[in-house]
Amino acid sequence: GQNIDQPTEMTATEGAIVQINCTYQTSGFNGLFWYQQHAGEAPTFLSYNVLDGLEEKGRFSSFLSRSKGYSYLLLKELQMKDSASYLCAVKSGDSNYQLIWGAGTKLIIKP
Amino acid sequence: EAQVTQNPRYLITVTGKKLTVTCSQNMNHEYMSWYRQDPGLGLRQIYYSMNVEVTDKGDVPEGYKVSRKEKRNFPLILESPSPNQTSLYFCASSLQRASTEAFFGQGTRLTVV
């Protein structure tokens, strides 16, 4: 079956660094996405990885290892507004380009 | 402003009363889809549309219908809502199915009593 695993909840301190992991098992691979979702709001796109390695975008970075079926989202210099859920999604490798979503990681930032 | 607009944002209805949730995008995107989001579960796709008059079932299509008569609009229809359809619904669009970014509407919180 196809499966995406990420921790349910994490807590971090304002100004610190946090890493949110995502592991996946899918039929093929056409890219991995990270989305941010504030409570009750729409998901918004953060990053896309299709090749191995680290993609940096300001305070946020995303890493992918296709051989390990593993990704992480790294958030630096945490701010209170980063309190949100972070959704990992994988686009399958078949012709349908199906998006498979993880249940999301709720990140709580404490002062 | 590029956006996906859903209406209504909140809806409480009774079992069996037909309802429609509208979705409209102004980005000339070909691909549109509907998701439901429930606690502890990832987003689950209900239906999707590759283009005008082309729709197909997602992972959880039972109890839902859609139509795509125009490129910009993709309404979700619940002919006879039931309590297990109480959920948060999102419409999303992207240039094409293989595109790397999807744009989501603000969500519709539906309660069926």
Side-chain angles (χ1 to χ4, degrees), chain A residues 1-9 20-51 55 57 60 62 64 71 84-106, chain B residues 1-10 21 23-25 27 29-50 54-61 87-111:
Chain A
Q2 309 204 84
N3 194 52
I4 296 190
D5 287 314
Q6 45 181 140
T8 303
E9 186 174 298
I20 302 174
N21 296 326
C22 170
T23 57
Y24 63 90
Q25 291 176 306
T26 58
S27 55
F29 180 83
N30 261 319
L32 185 143
F33 301 79
W34 285 96
Y35 279 78
Q36 181 190 59
Q37 185 180 25
H38 286 99
E41 297 184 9
T44 54
F45 174 81
L46 285 178
S47 68
Y48 169 71
N49 294 66
V50 66
L51 299 175
E55 296 274 347
K57 194 186 288 186
F60 292 6
S62 56
L64 174 67
S71 172
S85 287
Y86 291 86
L87 314 181
C88 175
V90 172
K91 192 161 275 192
S92 70
D94 58 29
S95 60
N96 288 326
Y97 293 100
Q98 182 186 10
L99 254 187
I100 301 125
W101 294 83
T105 298
K106 182 178 180 180
Chain B
E1 180 189 352
Q3 60 186 3
V4 179
T5 305
Q6 282 178 239
N7 279 297
R9 291 290 309 278
Y10 303 92
V21 184
C23 173
S24 180
Q25 51 93 4
M27 296 169 278
H29 284 170
E30 290 184 354
Y31 185 75
M32 298 184 73
S33 59
W34 276 102
Y35 291 94
R36 60 178 289 173
Q37 187 176 39
D38 301 291
L41 299 176
L43 288 164
R44 293 182 293 169
Q45 192 178 55
I46 303 169
Y47 268 94
Y48 64 90
S49 170
M50 304 273 275
V54 181
T55 63
D56 210 344
K57 297 176 180 179
D59 298 318
V60 289
S87 187
L88 179 59
Y89 291 86
F90 287 102
C91 178
S93 77
S94 57
L95 191 60
Q96 295 175 338
R97 187 171 196 181
S99 295
T100 56
E101 181 177 354
F103 297 82
F104 284 81
Q106 289 302 101
T108 297
R109 186 167 293 282
L110 172 66
T111 301

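Each chain gets a letter, A, B and so on, in the order its sequence line appears, and its residues count up from 1.
Contact annotation for B:Ala92: neither backbone nor side-chain heavy atoms come within less than 4.5 Å of a heavy atom of chain A. Residue contact with chain A, scored on non-hydrogen atoms closer than 4.5 Å, involves the side chain of B:Asp59 exclusively. Residue B:Gln45 does not touch chain A at all, counting heavy-atom pairs closer than 4.5 Å. With a 4.5 angstrom heavy-atom cutoff, A:Gln37 touches chain B only via side-chain atoms. Residue B:Tyr35 touches chain A through its side chain alone, counting heavy-atom pairs closer than 4.5 Å. Neither the backbone nor the side chain of B:Arg44 comes within contact range of chain A; no heavy atoms are under 4.5 Å apart. Of the two parts of B:Gln6, neither the backbone nor the side chain holds a non-hydrogen atom closer than 4.5 Å to a non-hydrogen atom of chain A.
Nearest heavy atoms, A:Pro43 versus B:Phe104: O-CD1, 3.6 Å. Heavy-atom minimum distance, A:Phe33 versus B:Glu101: CE2-N, 4.3 Å. When every heavy atom of B:Gly105 is checked against every heavy atom of A:Ala42, the shortest pair comes out as O-CB, 2.8 Å. The minimum heavy-atom distance between B:Leu43 and A:Trp101, with the atom names listed, is O-CD1, 3.5 Å.
Atom CD of B:Gln3 has more than 12 neighbouring heavy atoms from other residues, nucleotides or ligands inside a 6.0 Å radius.
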